[in-house]
Chemist: 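Take a look at this one; I'll ask things after.
Just so you know, these numbers come straight off a predicted model, no measurement behind them. Keep in mind that the numbers below use all heavy atoms, side chains included, and drop hydrogens, waters and symmetry copies. Below, chains carry the letters A, B, ... as their sequence lines are ordered, and counting in each starts from 1.
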Amino acid sequence: MEFHQVRYFVTLAKCMNFTRAAEQCNITQPALTKSIQKLEYELGGALVFRERHLSQLTDLGKLMLPTLERTLLAVEEARTNAKKFKRKKVATLRVALTPMISASILMKPIAALTTQLPGLQVDLVDAESSNVFEGLLSGDVSAALGSSCIGPTPERIERFSLFGERVFVACAEGSQMAEESTVTLKDLRSAKWLEAIDCEIYRAFREHLCEGQVAQPGHRGQGLQHLQHLVSANLGVMLTPEHAPALPDAVVRPIADVDFKHTVELFVVGGRQYSPALDAFIKICRRFDWQTLLTKAQARIAPKAGPFTAMPRRQRDPEVVRITA
DNA sequence: ATGAAGCGTATTTAGGGGAG
DNA sequence: CTCCCCTAAATACGCTTCAT
């Protein structure tokens, strides 16, 4: 079955006149007749009762019409979309963020990207650490931002380091923990601990530093924002990366006895031909001045948090644990 | 180069309707 | 009732395009 046969039949079904249908299809009447005959032969029965002024669809014709109309619409829609895609009017770039990566860091890169590719649509989606690579490999997302804490990647995943940063603790303004300029692991062990679900940073912090002792799980959330609201309501404390914007009712404190650092990385599938949007996105992310962005983030929280380097405390643990993911 | 498919022109076939 | 004209659909044949 050919597409033009479908088009001719649908046109014929609308006007029920071979000559007029042919005119509308910009062909001659014999050409239309032949096409309809061929379609009828292929479908195994007449589609139209030829009765001059009283021509009408046969039962088979009536049965076929809705399906063939949908086919025609689908093909026309596909053609339109293909044309738009060629003109880059509806291109989409789908980027996943693991739980502790704030979308705020992507605003300037996305602005730069849409300047380069007007009409580009960017979809930002949440991803859990355990299935972010699955999403990349299946093509569900084009790129992902996550932490170096995520560990080894599957063979086909390519990773680009964007910037290194420290990980702090956020607590409610006015809470006991907020009174000190730094917090200790001991403080954290006795605090109500808010945890991000399926998050590589939390996993690294718990497994490598605290040997499971910190976790007195309180409430849990799927990402930064959920936990930040819980912190603002003084329902517990959370880990927060340096780049993350803080809510007004929360303060950020360095962990005195832990120098917890990680690297924010960009993940894509290697060996694939990148779309123009993904190619541009990778280049922009790799060239972007992340340090300026981090400095601004530090300036935002510094007045409350004090200096980021571990501050001497009256009763601090003797040894500073240093871990860099 | 060749064959298949699509299409166009010219012609044929078939039915409806009006005039004589 | 018959003939003629008009309209609609089908057929014959040839040309063009395209894939192999």
Chemist: Check for a donor-acceptor pair, side chain of A:T11 on one end and backbone N or O of A:R7 on the other, with a separation under 3.5 Å.
Modeler: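 Pair found, side chain donor or acceptor close to backbone of A:R7.
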Chemist: Over how many whole Å does the gap from A:Q37 atom CD to B:dC7 atom P extend?
Modeler: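 From A:Q37 CD to B:dC7 P: 14 Å.
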Chemist: Measure the distance from CZ on A:F18 to P on B:dA14 and round it to the nearest whole Å.
Modeler: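 To the nearest whole Å, that distance equals 16 Å.
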Chemist: Charged N to carboxylate O under 4.0 angstrom, A:D187 versus A:R189?
Modeler: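 Between A:R189 and A:D187 there is no salt bridge, as every charged N stays at least 4.0 Å from the carboxylate O atoms.
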Chemist: What ring pair (Phe, Tyr, Trp, His ring centres under 6.0 Å) pairs are there with at least one residue in residues 100-123 of chain A, not counting sequence neighbours?
Modeler: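 Of all non-adjacent pairs touching residues 100-123 of chain A, none passes ring pair (Phe, Tyr, Trp, His ring centres under 6.0 Å).
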Chemist: Is A:Q228 reaching over with its side chain to a backbone N or O of A:P245, donor-acceptor style, under 3.5 angstrom?
Modeler: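 Yes.
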Chemist: Please tabulate, one pair per line, each protein N/O and nucleotide N/O from nucleotides 8-10 of chain B that are separated by under 3.5 Å, including the distance.
Modeler:
{"residue": "B:dG8", "atom": "OP2", "partner": "A:T28", "partner atom": "N", "Å": "2.6"}
{"residue": "B:dG8", "atom": "OP2", "partner": "A:T28", "partner atom": "OG1", "Å": "2.9"}
{"residue": "B:dG8", "atom": "O6", "partner": "A:K34", "partner atom": "NZ", "Å": "3.2"}

Chemist: With a 3.5 Å distance limit and no angle check, can you tell me whether A:D123 reaches the backbone of A:V95 through a side-chain donor-acceptor pair?
Modeler: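 Pair absent, no side-chain N/O of A:D123 close to backbone of A:V95.
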Chemist: Would you kindly give the CG-to-P distance between A:L32 and C:dT11, to the nearest whole Å?
Modeler: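 Answer to the nearest Å: 14 Å.
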Chemist: If you fit an axis to the five pairs at each end of the helix from B:dA1-C:dT20 to B:dG20-C:dC1, how big is the angle between those two axes, to 10 degrees?
Modeler: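 Comparing the first five pairs with the last five, the axes sit 10° apart.
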Chemist: Checking the side chain of A:W193 only, and the main-chain atoms of A:H219 only, is there a donor and an acceptor separated by less than 3.5 Å?
Modeler: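 No.
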Chemist: Starting from P on B:dG6, measure out to CZ on A:R7 and report it in whole angstrom.
Modeler: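 About 13 Å, once rounded to whole Å.
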Chemist: Given atom CD1 of A:I36 and atom P of C:dA8, what is their separation to the nearest angstrom?
Modeler: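 After rounding, the reported distance stands at 17 Å.
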Chemist: Specify the closest pair of heavy atoms between A:L124 and A:A103, including all atoms of both residues, with the distance to one decimal.
Modeler: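 In this case the closest contact between A:L124 and A:A103 is CD1-CB, 4.0 Å.
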Chemist: Grab the N/O contacts between the protein and nucleotides 16-18 of chain C below 3.5 Å, and write none if there aren't any.
Modeler:
none

Chemist: Side chains of residues 132-144 of chain A: which donor-acceptor pairs under 3.5 Å do they make with residues two or more places apart or in other chains?
Modeler:
{"residue": "A:S138", "atom": "OG", "partner": "A:E134", "partner atom": "O", "Å": "3.1"}
{"residue": "A:S138", "atom": "OG", "partner": "A:G135", "partner atom": "O", "Å": "3.2"}
{"residue": "A:S138", "atom": "OG", "partner": "A:D140", "partner atom": "N", "Å": "3.4"}

Chemist: Any donor-acceptor pair under 3.5 Å linking the side chain of A:S129 with the backbone of A:D198?
Modeler: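 Present.
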Chemist: Hey, are A:R220 and A:E195 close enough for a salt bridge, meaning a charged N less than 4.0 Å from a carboxylate O?
Modeler: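 Salt bridge absent between A:R220 and A:E195.
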Chemist: Taking side-chain hydrogen bond (donor to acceptor under 3.5 Å, both in side chains) as the test, write out the residues that go with A:D289, two or more places apart.
Modeler: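 Once residues adjacent in sequence are excluded, the partners of A:D289 under the side-chain hydrogen bond (donor to acceptor under 3.5 Å, both in side chains) criterion are A:T292.
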Chemist: Are A:T33 and C:dA10 close enough that a side-chain N or O sits under 4.0 Å from OP1 or OP2?
Modeler: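 Yes, A:T33 has a side-chain N/O under 4.0 Å of OP1/OP2 on C:dA10.
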